[in-house]
Amino acid sequence: MAQSICLIDTSKCMGCRGCQGACKQWNRLPAEDTTFVGTYENPPRFSADTFLRVAFREHSGNNGRVDWYMAKLGCMHCTDAACMQACPAGAIFRSDEGTVNIDEVKCIGCNYCVTACPFQVIGFDRLTNKARKCTFCLDRLENGLQPACAKVCPTDSIVFGDKRKLIARAMDRVDQLKAAGKTEARIYGLDEVDGTAMMYVLADKPEKYGLPEDPQVPMQTRIWNAIFKPLRILVVVAVAFGLWVNRSQTKTIEDAKSKNQAE
Ligand code: SF4
Ligand code: SF4
Ligand code: SF4
C-alpha cells in the first residue's frame, strides 16, 4: 500500500473539470466526440483516452431542491487489485510508489482486467489492442512531482500527500460534515478492497457518486488467480520443455545422419 495517497474530498469539488483537462494534457490523451444526453457528466464512460471523469449526479434534496454530487472518478489503485489478479500475462504491476500500473508492452489485449475491475475504470484501445487506465501519474511521482489532477485542483478537493496525515484530515472532515447534518458522510477507500491509494471523503452514500457500496474482487477472478493462473504457467513451462526436448532430439538425429554420411 502506498505511503503517499490522494485524498479526494467530494464536499469541496465544484465540478470545474480542471483535473479532467490536466489528466488529458499530461498523459497526451486526445479529446473524444460525445453527444449531450441530458447530463453534464461527460464523457459518459472511461476509455483508452479518458482515465479520469468527473461525476455530475443530480439527486432530490430537501424542499424539492436538486442536490449536486460531484467527484473526480478513476482508478482507485486498490491494495486487493482485481485487475492484477485477472491479468494472465503479468502485465499489471504494483510500483515502488504503491500504484497499480499496466505495462503496455506485456499486455496481450485479452480484456480480462477490464471485466474484473469492480470500479469499471479500465479502457480498451481497439487499435493497439491494449488496456489503459490512470497511472497515478507514476512518471511524475518518480520525478518528485504530485499527480497532475492534484496539482491543478483549485479547491483542494484532490490533495496528494502522506497517507497517515491525509487519513487524519479525512476523519476531521467527516466529523465536520456530520456536525453540519450530513449524517451519511464517510471515508471511502480505507477498508474497501483492503484500502485504496485514491481515498475519498464522501458527503453521502457511495452510490450517489456512482461508486459501488461494497466493491469486491469477483469470485471468478479469485478462482482464476488461485487455480488456473498457476496451471497456465505450468502449461507454458510444459510447452517450452516439449520444444526443448524436440529440438534436442532433432539435433541428435541430424548429428547421427551427418556422422553416417561422413563414414
Ligand atoms: S480500480 Fe480497477 S483498475 Fe484500478 S487498481 Fe482497482 S481493480 Fe485495478
Ligand atoms: S493521477 Fe494522473 S493519470 Fe491518474 S487521474 Fe490524476 S492526472 Fe490522470
Ligand atoms: S479540479 Fe478539483 S474542483 Fe475541479 S472538478 Fe476536479 S476535483 Fe472538482
Side-chain angles (χ1 to χ4, degrees), residues 1-2 4-29 40-42 46-57 68-87 91-95 97-102 107 111-124 131-143 145-160 188-189 192-201 209 211-212 215-218 221-222 225:
M1 184 67 187
S4 293
I5 62 167
C6 272
L7 178 65
I8 300 145
D9 183 347
T10 58
S11 66
K12 291 185 176 175
C13 178
M14 61 176 180
C16 69
R17 281 192 241 262
C19 50
Q20 203 169 303
C23 180
K24 287 256 180 198
Q25 191 177 34
W26 179 259
N27 293 292
R28 298 185 182 168
L29 302 171
Y40 291 114
E41 197 164 310
N42 185 44
F46 293 99
S47 75
D49 293 328
T50 299
F51 298 170
L52 183 168
R53 298 193 309 113
V54 178
F56 279 76
R57 304 281 163 120
W68 283 96
Y69 288 71
M70 292 176 262
K72 171 248 183 205
L73 302 174
C75 173
M76 303 288 284
H77 298 269
C78 317
T79 303
D80 189 14
C83 56
M84 278 179 75
Q85 294 173 50
C87 181
I92 304 185
F93 66 97
R94 190 172 304 281
S95 73
E97 279 71 17
T99 62
V100 176
N101 297 79
I102 301 175
C107 175
N111 239 325
Y112 286 12
C113 59
V114 178
T115 49
C117 171
F119 298 95
Q120 302 287 294
V121 294
I122 306 182
F124 192 72
R132 304 180 73 198
K133 67 168 193 70
C134 160
T135 62
F136 211 115
C137 287
L138 181 59
D139 50 350
R140 290 176 61 91
L141 299 192
E142 287 172 342
N143 286 285
L145 299 170
Q146 58 180 311
C149 52
K151 171 81 178 168
V152 82
C153 180
T155 61
D156 276 352
S157 175
I158 311 172
V159 180
F160 174 74
Y188 184 83
E192 288 77 10
V193 283
D194 287 350
T196 59
M198 291 285 180
M199 202 174 282
Y200 286 80
V201 167
Y209 300 86
L211 291 163
Q216 299 282 342
V217 175
T221 304
R222 290 217 187 277
N225 189 46

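What you see is a predicted model, and the numbers here were worked out from it, not measured in a lab. All residue numbers in this chain count up from 1 along the given sequence. Counting convention: from 1, in listed order, for ligands and their atoms alike.
Ligand 3 places these atoms under 4.0 Å from at least one heavy atom of C153: 1 (S), 2 (Fe), 3 (S), 7 (S). Those atoms of ligand 3 that come under 4.0 Å of a heavy atom in I158, given as number and element, are 7 (S). For ligand 1 and F119, the ligand atoms under 4.0 Å from any heavy atom of the residue are 1 (S). Using a 4.0 Å cut-off to heavy atoms of K133, the atoms of ligand 1 that qualify are 3 (S). Listed by atom number, the atoms of ligand 3 under 4.0 Å from P154 heavy atoms are 1 (S). Annotation for ligand 1: atoms under 4.0 Å from non-hydrogen atoms of A82 are 7 (S). Atom numbering of ligand 3 starts at 1 in the shown order; those under 4.0 Å from a heavy atom of T155 are 3 (S). Close approach of ligand 1 to I122 is summarised as follows: ligand atoms under 4.0 Å from at least one heavy atom of the residue are 3 (S). Ligand 3 places these atoms under 4.0 Å from at least one heavy atom of G15: 5 (S), 8 (Fe). Near H77, meaning under 4.0 Å from any of its heavy atoms, are these atoms of ligand 1: 4 (Fe), 5 (S).
Cation-pi contact between R57 and W68: absent, since separation from the ring centre below 6.0 Å together with deviation from the ring axis within 45° is not met. A cation-pi arrangement, defined by a distance under 6.0 Å to the six-membered ring centre and an angle within 45 degrees of its axis, is absent between R132 and F124.
Of the N and O atoms on the side chains of T99 and N101, at least one donor lies less than 3.5 Å from an acceptor on the other residue. In the model, T10 has no side-chain atom that pairs as donor or acceptor with a side-chain atom of K72 under 3.5 Å.
Annotation: atom 8 (Fe) of ligand 3 to nearest protein heavy atom, C13 SG, 2.4 Å. At the shortest separation from atom 4 (Fe) of ligand 3 among protein heavy atoms lies C16 SG, 2.3 Å. Protein heavy atom nearest atom 2 (Fe) of ligand 1, with residue, atom name and distance: C117 SG, 2.3 Å. Summary of contacts: the protein heavy atom closest to atom 5 (S) of ligand 1 is C78 N, 3.4 Å. Here the heavy atom of the protein found nearest to atom 1 (S) of ligand 3 is C19 N, 3.3 Å.
With sequence neighbours excluded, no residue satisfies side chain to side chain donor-acceptor pair (under 3.5 Å) with R17.
For the residue pair A55 and Y209, the shortest heavy atom distance occurs at CB-O, 3.7 Å.
With a cut-off of 2.8 Å, the protein N/O/S atoms near atom 4 (Fe) of ligand 2 add up to 1.
Of all the heavy atoms of V193, none lies under 4.0 Å from any atom of ligand 1, so neither backbone nor side chain is involved. The backbone of R17, and not its side chain, has at least one atom closer than 4.0 Å to an atom of ligand 3 (non-hydrogen atoms only; backbone = N, CA, C, O). The proximity of A71 to ligand 3, defined as any non-hydrogen pair under 4.0 Å, does not occur for either the backbone or the side chain.
Within a 6.0 Å sphere centred on OH of Y112, heavy atoms belonging to other residues, nucleotides or ligands number 12 at most. In this structure, K151 places its NZ atom where only 12 or fewer heavy-atom neighbours from other residues, nucleotides or ligands lie under 6.0 Å away.
A salt bridge links R222 with D80: the distance from a Lys NZ or Arg NE/NH1/NH2 to an Asp or Glu carboxylate oxygen falls below 4.0 Å.
The shortest distance between side-chain heavy atoms of F136 and S95 does not fall below 4.5 Å. Side chains of P215 and Y188 form a contact here, defined as non-hydrogen atoms less than 4.5 Å apart. Inter-residue side-chain proximity for V217 and P118 is flagged as unmet; no heavy-atom pair is nearer than 4.5 Å.
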